[in-house]
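Working notes for the structure below.
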Amino acid sequence: MARVVADAGAAGLDGVLVTPGPDLVWLTGYQPTAITERLTLLALTADREPTLVVPRLERPDAEGAAGTAATAVVDWVDGADPYAAASAVLRDGARYAVSDSAWALHLLGLQAALPGTGFYAVTDRLPMLRAVKDPDELARLAAAGAAADATYEQILHVPFAGRRETDVAADLADLLREHGHEQVDFTVVGSGPNGANPHHEAGTRVIEDGDCVVLDFGGLLAGYGSDTSRTVSVGEPGAEVSQVHEVVRLAQQAGVDAVRPGVACQDVDRAARAVIADAGYGERFIHRTGHGIGVTTHEPPYVVEGEELPLVPGMCFSVEPGVYLPGRFGVRIEDIVTVTADGVRRLNTTSRELRVVG
């Protein structure tokens, strides 16, 4: 919390207002049982101790979270004005960053209570808030990555041909839980033409012999995320599938090789994208190369053209180029990596070669 206040000061802000969501979980371990219309707000400012404003009926749960021992707790009761309670611990005319997850209802209420105050998105003003992981966070991310890797190694041995995408997706979810995930967030199984949709939801399509299948899956283990993608072939792959997969594999390797301290995020994107463009598939790589990961699957830094933020040791993000041929198939390969003092470390280590499944 002290570091957040210091970072806010360096950014010309008077503090950070944290609402229910990943920022609050990261700082305090507190996650309300239901994110409702009732205001919950952690105020981190330089002029007073950290203060958590909560509905009175939720105070016992808030005080039971490990990190709230470092905060003062102020409550408000139903029927009272929660924005008056919050404004009492803030300063009109100040400048505050606000969690991206804040409800518009609450931000508008704070603006009305503190009309001279400036409010700014955390991601815009403090993009590094959660981006640099400490050793404990890195250990959790590594454990989540290892569990996802173990899941991939086992999914290679389940039947694909003749089963629905949803059947394989259910196998992925079961394996993630078997390997320690307390939460499964997504299990993309894009077979044949469905693989050309990067965020395809597993459906009832029956996987056929000869299909190229994109697998993208992950969730939370000990509160931190996993996210990995591999593309497999049901039976021996055709020449074009093999060719495209090799292009994506080389692009992913180029992206990983570009990671080192001081390099701009966009340069990692450029390195991966250049390989795909040189192979003639530039228009078929239709998304950014990567996203940060931590207590959520997607968070800064974003590895995309125009992001000049320099890489710093401890940052963790995906490197996941892809090629998508509409109506035919898609290929994506994704690893989570972390920036080290002198380069990069992969947190996913399974083979990136095209694997054949039955």
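- Using bins of under 30°, 30° to 60° and over 60° for the plane-to-plane angle, the ring pair Y152/F217 lands in the parallel bin.
- Taking 4.5 Å as the limit, every side-chain heavy atom of R38 sits out of range of all side-chain heavy atoms of P82.
- Within the 4.5 Å cutoff, no side-chain heavy atoms of R332 are placed close to those of V248.
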Evaluation steps, side chain to side chain contact (heavy atoms under 4.5 Å, CB included), between T123 and L129: CA-CA 8 Å; T123 291; L129 184 71; over 6 Å; no
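- One N or O on the side chain of Q266 and one on the backbone of G306 form a donor-acceptor pair closer than 3.5 Å.
- With S99 contributing its side chain and S101 its backbone, the two residues share no donor-acceptor pair below 3.5 Å.
- Proximity of a side-chain donor or acceptor of D185 to a complementary backbone N or O of G218 within less than 3.5 Å is not detected.
- Within the 4.5 Å cutoff, the side chain of E299 has no heavy atoms near those of the P22 side chain.
- Side-chain contact between W76 and P55 is present, with heavy atoms from C-beta onward closer than 4.5 Å.
- K133 places a side-chain N or O within 3.5 Å of a backbone atom of I293 that can act as its donor or acceptor partner.
- One distance of note links CG of D149 with CG of L347; it measures 9.0 Å at 0.5 Å rounding.
- Between the CG atom in D174 and the NE2 atom in H181 there is a gap of 13.0 Å [rounded to 0.5 Å].
- With values rounded to the nearest 0.5 angstrom, L107 atom CG is found 6.5 Å from F119 atom CZ.
- The aromatic rings of H106 and W103 sit parallel to each other, their planes meeting at less than 30°, with 60° as the upper class boundary.
- The closest side-chain donor-acceptor pair between S318 and D227, if any, does not fall under 3.5 angstrom.
- A 4.5 Å side-chain heavy-atom check between I276 and L250 finds every atom pair outside the cut-off.
- The pair R288-D269 does not meet the salt-bridge criterion, since no charged nitrogen lies less than 4.0 angstrom from a carboxylate oxygen.
- Salt-bridge formation is detected for the pair D211/R205: a Lys NZ or Arg NE/NH1/NH2 atom is positioned less than 4.0 Å from an Asp or Glu carboxylate oxygen.
- Proximity of L354 to P237: side-chain heavy atoms (C-beta onward) are separated by under 4.5 Å at one or more points.
- Heavy atoms only, all atoms of each residue included: S87 and L114 are closest at CB-CD2, 3.6 Å.
- Between the R273 side chain and the A271 main chain, no donor and acceptor come within less than 3.5 Å of each other.
- Put simply, NE2 on H179 and CD on Q154 are 3.5 Å apart, with the number rounded to the nearest 0.5 Å.
- When all heavy atoms of C316 and P301 are compared, the pair lying nearest together is O-CD, 4.3 Å.
- Using a 4.0 Å cut-off between charged nitrogen and carboxylate oxygen, E246 and R249 count as a salt-bridge pair.
- Residue F317 is grouped with residue V263 when hydrophobic side chains (ILVMFWY) are merged at heavy-atom distances under 4.5 angstrom, including chains of intermediate members.
- Cluster membership check: Y120 does not share its hydrophobic cluster with L90, using side-chain heavy-atom separations under 4.5 Å among Ile, Leu, Val, Met, Phe, Trp and Tyr.
- Listed here is the closest heavy atom pair of S191 and E165: OG-OE2, 2.7 Å.
- Using a 4.5 Å cut-off on side-chain heavy atoms (C-beta onward), V214 and Y324 make no contact.
- Taken to the nearest 0.5 Å, the CD atom of E49 stands 8.0 Å off from the OG1 atom of T71.
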Checking side chain to side chain contact (heavy atoms under 4.5 Å, CB included) for the pair Y96/D14: CA distance, chi angles, key distance, verdict? CA-CA 6 Å; Y96 299 114; D14 297 294; 4.3 Å; yes
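- Panel note: side chain T289, backbone V303; no donor-acceptor pair is recorded below 3.5 Å.
- Atom CG in L325 sits 6.0 Å away from atom CD in E240 (nearest 0.5 Å).
- Judged purely by atom type and a 3.5 angstrom limit, S226 uses its side chain to pair as donor or acceptor with the backbone of G219.
- Both Y281 and V331 belong to a single network of hydrophobic side chains, linked directly or stepwise wherever heavy atoms of I, L, V, M, F, W or Y lie under 4.5 Å apart.
- Within a 6.0 Å sphere centred on CD of Q111, heavy atoms belonging to other residues, nucleotides or ligands number more than 12.
- The side-chain contact (heavy atoms from CB on, under 4.5 Å) test with I207 is passed by exactly one of V168, N194, D167: V168.
- Ring centroids of H199 and F186 are separated by 6.0 Å or more, keeping the two rings apart.
- Between I155 and R230 the shortest side-chain heavy-atom distance does not fall below 4.5 Å.
- Under the 3.5 Å distance criterion, the side-chain polar atoms of T228 are matched with a main-chain donor or acceptor of E334.
- In this structure, L105 and Y83 approach most closely via the heavy-atom pair O-OH, 3.6 Å.
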Would T231 and F329 count as a side chain to side chain contact (heavy atoms under 4.5 Å, CB included) if you check the C-alpha gap in whole Å, the side-chain angles of each, and the deciding distance to 0.1 Å? CA-CA 10 Å; T231 302; F329 66 90; over 6 Å; no
Go through the steps to decide whether L311 and V344 satisfy the test side chain to side chain contact (heavy atoms under 4.5 Å, CB included), and finish with yes or no. CA-CA 10 Å; L311 299 181; V344 63; over 6 Å; no
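- Distance alone, capped at 3.5 Å, places no donor-acceptor pair between the S229 side chain and the I333 backbone.
- Here the shortest heavy-atom pairing between L44 and P50 reads CD2-CB, 3.6 Å.
- Residues T45 and R91 bring no donor and acceptor atom of their side chains to less than 3.5 Å of each other.
- V339 and V319 fall within the same hydrophobic cluster, defined by Ile, Leu, Val, Met, Phe, Trp and Tyr side-chain heavy atoms under 4.5 Å apart, directly or through other members.
- The environment of CZ in R59 is crowded: more than 12 heavy-atom neighbours from other residues, nucleotides or ligands sit within 6.0 Å.
- Under the 4.5 Å side-chain heavy-atom criterion for ILVMFWY residues, a single connected hydrophobic cluster contains both Y30 and V4.
- Contact record, L176 with A148: CD2-CA, 4.2 Å, taken as the closest heavy-atom pair.
- Using a 4.0 Å cut-off between charged side-chain N and carboxylate O, R140 and E182 make no salt bridge.
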